[in-house]
Amino acid sequence: VDDGLALPEVAATLELDATGGMDAKAPVRAELLLRGETANVYRLGLANVPATELEPNLRDYWSVIYPAITPTKVSHHYDASSGELRLNMEGSAEMEWADGWGRKVYEIDGAGFSGRTDFEREDGPNKDAPWTVMFPYFTQNITLIKLPDSGAGFSVRGKDADQVIGAVHYKRSTAIKDGVARTESSMRSLAPEFPNSEAEAVGKAMGDLAKERVFVVSPSAGASTVQ
């Protein structure tokens, strides 16, 4: 029976406004929504930071998560009735549009997956024991990119995902609609362990999934349009 989390315990949303062109700094807004024990741990941590150091600490925190972003405004709010903690940030980003497939391409933040691929064990009484999985566990990443020229001629490159690997459900979807490239990815554990008999297949599947990357692709190599 799946008694996992119904809502993400960690949900990150990143909004990038690239309508000024691919060579311009992009205004950014981001939110980290925390629930459950994760929210409580962060809340207690923030409560122990001196008031004069809180804003610099939050700026540093966001800079570590998104190194290409310069935070200009940070805030946090804890809702005691829901137990939700929200960390918010505004700033600007240097979006690194690289060359690829004869176009300019941008690798979408938060769209990739990573996980364990090596499940080798030494001989012993526990060699065939099940492999543990963090449970319950549910995280979500949403990235929104407002594109130049209302997205005309832009496309996305990369595979969607909807598969269970090692008792974890991995999902990802990407599309461009109304001039906005939107990617949503999530990881949700379904059980606290999986059998050792599946370990080799799990390692291979995880390795294959981790190699998949998702990009926004421009209309042409020289495109740097302004809406």
Side-chain angles (χ1 to χ4, degrees), residues 1-14 30 32-46 48-49 57 60-69 83-85 87 96 98 100 105 107-143 156-174 183-215:
V1 178
D2 176 9
D3 291 322
L5 298 172
L7 294 172
E9 195 164 30
V10 179
T13 302
L14 176 66
L32 190 65
L33 170 58
L34 307 172
R35 299 183 174 97
E37 185 59 26
T38 302
N40 194 45
V41 169
Y42 273 69
R43 179 181 65 84
L44 293 174
L46 290 170
N48 288 325
V49 177
N57 272 260
D60 289 345
Y61 176 79
W62 284 109
S63 295
V64 169
I65 296 178
Y66 301 114
I69 293 176
E84 295 179 344
L85 174 65
L87 306 181
E96 296 183 8
V105 302
E107 185 168 5
I108 299 177
D109 307 83
F113 294 114
S114 62
R116 184 171 182 173
T117 59
D118 180 8
F119 293 95
E120 293 292 329
R121 281 189 179 131
E122 295 182 359
D123 290 334
N126 295 318
K127 183 176 177 60
D128 295 323
W131 292 88
T132 58
V133 174
M134 186 180 294
F135 181 85
Y137 177 80
F138 189 1
T139 65
Q140 178 189 67
N141 280 285
I142 296 175
T143 301
V156 292
R157 182 161 180 152
K159 296 180 180 179
D160 286 350
D162 188 358
Q163 62 188 117
V164 176
I165 303 174
V168 178
H169 189 186
Y170 296 88
K171 294 186 70 174
R172 177 175 60 223
S173 61
T174 305
T183 296
E184 179 176 338
S185 60
S186 64
M187 297 184 294
R188 180 175 179 268
S189 61
L190 307 176
E193 62 183 30
F194 65 90
N196 183 61
S197 59
E198 298 177 5
E200 183 176 352
V202 167
K204 183 181 185 307
M206 192 67 247
D208 291 342
L209 183 62
K211 293 175 185 176
E212 296 174 5
R213 299 156 69 189
V214 183
F215 300 86

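The model shown is predicted, which means the values in this text are computed figures rather than measured ones.
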Search all heavy atoms of S189 against all heavy atoms of F135 and return the closest pair with its distance.
-> OG-CD1, 3.3 Å

Under 3.5 Å, is there a donor-acceptor pair between the side chain of T143 and the main chain of G110?
-> no

Heavy-atom donor-acceptor pair, R121 side chain to K127 backbone, under 3.5 Å = yes

For G100 and V105 the tightest heavy-atom approach is O-CG1, 3.6 Å

Backbone N/O of G112 and side chain of R213: donor-acceptor pair under 3.5 Å | no

From L32 CG over to L85 CG, what is the distance, rounded to the nearest 0.5 angstrom?
-> 8.0 Å

May I ask you to check whether over 12 heavy atoms, not counting those of E200, lie within 6.0 Å of atom CD?
-> no

Is the backbone N or O of T174 less than 3.5 Å from a side-chain atom of D160, with the two atoms forming a donor-acceptor pair by type?
-> yes

Closest non-hydrogen atom pair, F138 against S186 = CE1-CB, 3.9 Å

Looking at F113 and A161, what are the two nearest heavy atoms and their distance?
-> CE1-CB, 4.3 Å

Validation row: Y137, L5 side chains within 4.5 angstrom (heavy atoms) | no

Gap between atom CD of Q163 and atom NZ of K171 - 0.5 Å precision = 12.5 Å

Hey, what do you get for NZ (K204) to CD1 (I165), rounding to the nearest 0.5 Å?
-> 10.5 Å

How far does OG1 of T13 sit from CD1 of I142, to the nearest 0.5 angstrom?
-> 4.5 Å

Determine yes or no for a side-chain-to-main-chain donor-acceptor pair under 3.5 angstrom, with R172 supplying the side chain and T183 the backbone.
-> no

Find out whether Y61 and L87 are in side-chain contact, i.e. whether some heavy atom of one side chain is under 4.5 Å from a heavy atom of the other.
-> yes

Q140 side chain vs E184 backbone, donor-acceptor pair below 3.5 Å = no

Looking at Y66 and A12, what are the two nearest heavy atoms and their distance?
-> OH-CB, 4.3 Å

From L14 atom CG to I108 atom CD1, the distance as rounded to the nearest 0.5 Å | 10.5 Å

For the residue pair M206 and R116, what are the closest heavy atoms and their distance?
-> CG-O, 3.5 Å

Using the ring of each side chain (for Trp, its six-membered ring), is W131 parallel, tilted or perpendicular to F119, with breaks at 30° and 60°?
-> perpendicular

When rounded to the nearest 0.5 Å, the distance separating CG of L7 from CZ of R188 is 9.5 Å

Yes or no on side-chain contact (heavy atoms from CB on, under 4.5 Å) for W62 and I69, after CA distance, side-chain angles and deciding distance?
-> CA-CA 8 Å; W62 284 109; I69 293 176; over 6 Å; no

